[in-house]
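This structure is a prediction, so every number in the text was calculated from the model and none was measured. In what follows, chains carry the letters A, B, and so on, assigned in the order in which the sequence lines appear, proteins first and then strands, with residues in each chain numbered from 1.
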Amino acid sequence: MATVTGRIVDSLRPLPVPDDLTRPFWDAAKQGRLAIQRCHECRTYQHPPLHQCDNCESRDLRFERVSGRGTIYTFTRLHAVRMKAFEPALPYAVVSVELAEQPWLLLTANMAGTDPEGIAIGAAVQVTFVDIGDGIVLPDFVLAAAEGR
Amino acid sequence: MAGSNGTFGTAKVAVLGIAYSRITRDDPPEGVTLGDECVAACRTAIADAGLHPEDIDGITSYAEPYGDAADGVTVVSPQYIWRRLGLQIRWGEVNNKFVGSSLIEAHNAIAGGACRYALVWRGVDVPRHQRNLQAETRPRASGDSQFSLPYGATGGYIMHAPSAQRYFHEYGATRQHMANFVVRNRRHALMNEKSYWSVNRPESLSVDDYMSARMIADPLCLYDCDIPVRGCVAYVLGPAEAAADLAHRASYIKAFAQAWIGPRGPGTFFHNGGRLLKPSLEDNADLPPLFERTLWGPSGLRPSDMGTANVYDGFSILSWLWLEALGFCGVGEAFEFVQGDRTEIEGELPLNTSGGHLAEGALAGAPHYSESILQTMGRAGPRQVDDVHYALAATDRPTRAQVIIFSSQPD
């Protein structure tokens with residue numbers, strides 16, 4: 001049986017502070033696109049963004065839109081975190097999504113609103129976006145089946 | 001003398017003295033500070049080494065810079081101990097969190113002639129730090145945390161619980177497998193007169209207690225997480241020849257290794273798992289050849305030579321990763337390796353006989369080093385393992401690690 005819990009209070013979530021390195025990620029999210037930093041030389045993706053390519057050390061890095069598809073690499077459910085935004089949602093899931101584009105290209109998500117029984121390693125997921133206020137739109141994920149894929 | 005591959009322990013430096021304060025979660029007695037308790041532990045360790053404060057010419061420690069850390073109250077810095085004990089210092093160094101890094105630095109300073117007798121300690125007050133954490137209404141998330149904190153991915157367990165989940169999935173381990181390790185760990189702690197559980201709450205833990213414990217971060221429950229305590233530990237190291245005058249046996253540093261691999265950055269599983277470098281669980285599979293090259297090969301020792309091992313268990317899953325990283329068993333095999341009697345005190349590999357971080361208390365790795373030291377000194381009381389020649393201690397996660405092999409003999 002699914003455990004019914006309250007919702008994460010989006011307006012109280014810790015607020016990302018975009019910087020020169022990460023602003024393109026947040027700008028894209030605001031437009032409903034998932035964009036990941038990619039090396040223009042060796043074509044390796046990396047996240048979070050870095051000042052140089054972690055593979056070939058090139059400084060020629062650009063953000064590219066990705067499919068938004070992936071699979072659940074691993075996850076946990078947190079039962080004891082004292083943060084106001086998450087207290088009503090305890091226990092809430094923290095999910096590590098491996099994007100389809102590259103092995104170990106991982107993004108953190110909550111899969112808020114997903115039946116906890118559906119959160120399992122290997123499950124196919126699809127990006128979605130959540131407006132959390134103060135100018136930030138946060139990527140999250142839902143089961144790919146729920147998107148009709 | 002250096003080992004075949006350069007820098008090595010080779011038992012030229014020994015731990016001569018060791019002392020603990022009371023380990024507790026209570027506030028200190030009225031008018032007593034953590035600094036006072038640490039000074040007392042240092043004085044006792046110096047006396048245990050048959051020395052006086054004026055003999056100490058080297059110090060090394062670490063005071064974790066928590067948000068509101070107060071020197072002498074919630075942390076105890078090298079400057080604090082130096083001044084309180086009135087030491088005449090020739091050499092000093094600040095290390096990282098785990099006491100193993102200080103023991104290795106002290107070894108090197110003595111072996112290199114920078115000092116003769118080095119004092120090492122840790123004083124921690126984890127409960128007070130946790131109590132003082134202020135939950136802001138809407139915290140800001142900058143740097144790498146902007147990709148994790150907005151999802152509530154926080155706390156020490158956020159790296160280890162998903163890693164455990166993946167481990168369970170990959171290898172077929174279950175909480176029942178972990179129960180065996182955690183329950184035995186508590187049993188060991190109750191045989192350790194200085195452990196949190198012995199001193200404060202002499203309560204046994206059953207498999208049923210473990211299985212029905214409240215969850216913290218799936219699949220980790222309350223008893224998979226170490227117990228935050230206030231306490232101090234101190235050690236005195238000196239040249240091996242100084243051990244001749246001791247009232248007890250010394251513990252010689254035979255070999256050591258450090259590892260530093262895995263994701264870049266300040267580093268949790270979620271912050272940087274997306275780097276090209278692999279997530280922590282997969283990194284662990286790269287470690288057996290690394291420790292073969294840096295620890296086993298140069299020392300000429302094998303895992304089977306270890307009379308006992310104390311491997312870090314700040315979260316229970318780490319003990320399995322350590323057993324695999326060090327080659328005590330194959331990758332993905334530790335959950336089966338620890339079943340049965342093998343890791344009992346009378347077993348083939350007595351494991352975490354002090355109760356470790358889970359049950360002696362979260363003392364910056366001290367429960368692991370202290371126990372290996374005491375076992376090689378022959379001072380482990382009711383949990384003494386017979387005929388311990390070598391005892392291994394390892395702390396932090398295996399990808400960012402300190403490992404020391406202690407010997408009961410100056411060989």
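The residue among B:G152, B:A161, B:A217, B:G143 with the most heavy atom pairs within less than 4.5 Å of chain A is B:G152. The candidate from B:P219, B:A164, B:P150 with the greatest count of non-hydrogen atom pairs under 4.5 Å with chain A is B:P150. With respect to chain B, the highest number of heavy-atom pairs below 4.5 Å among A:Y92, A:F86, A:F25 belongs to A:F86.
Atom CZ of B:F147 and atom OG1 of A:T108 lie 10.0 Å apart (nearest 0.5 Å). Note that the OH atom of B:Y151 and the CG atom of A:L138 stand 3.5 Å from one another [nearest 0.5 Å]. One distance of note links CG of A:L107 with OG of B:S148; it measures 11.0 Å at 0.5 Å rounding. Put simply, CD on B:E170 and OG1 on A:T74 are 9.5 Å apart, with the number rounded to the nearest 0.5 Å.
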Problem set entry | side chain to side chain contact (heavy atoms under 4.5 Å, CB included) between A:V17 and B:Q146, worked out | CA-CA 7 Å; A:V17 181; B:Q146 67 193 276; 5.8 Å; no

Exercise. Would B:L220 and A:T76 count as a side chain to side chain contact (heavy atoms under 4.5 Å, CB included) if you check the C-alpha gap in whole Å, the side-chain angles of each, and the deciding distance to 0.1 Å?
Worked result: CA-CA 9 Å; B:L220 304 181; A:T76 184; over 6 Å; no

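When all heavy atoms of B:T154 and A:L78 are compared, the pair lying nearest together is O-CD1, 4.3 Å.
Using a 4.5 Å cut-off on side-chain heavy atoms (C-beta onward), A:I121 and B:F168 make no contact.
A:L99 does not touch chain B: none of its heavy atoms, backbone or side chain, sits under 4.5 Å away.
In this structure, the side chain of B:R138 engages the main chain of A:R13 through a donor-acceptor pair within 3.5 Å.
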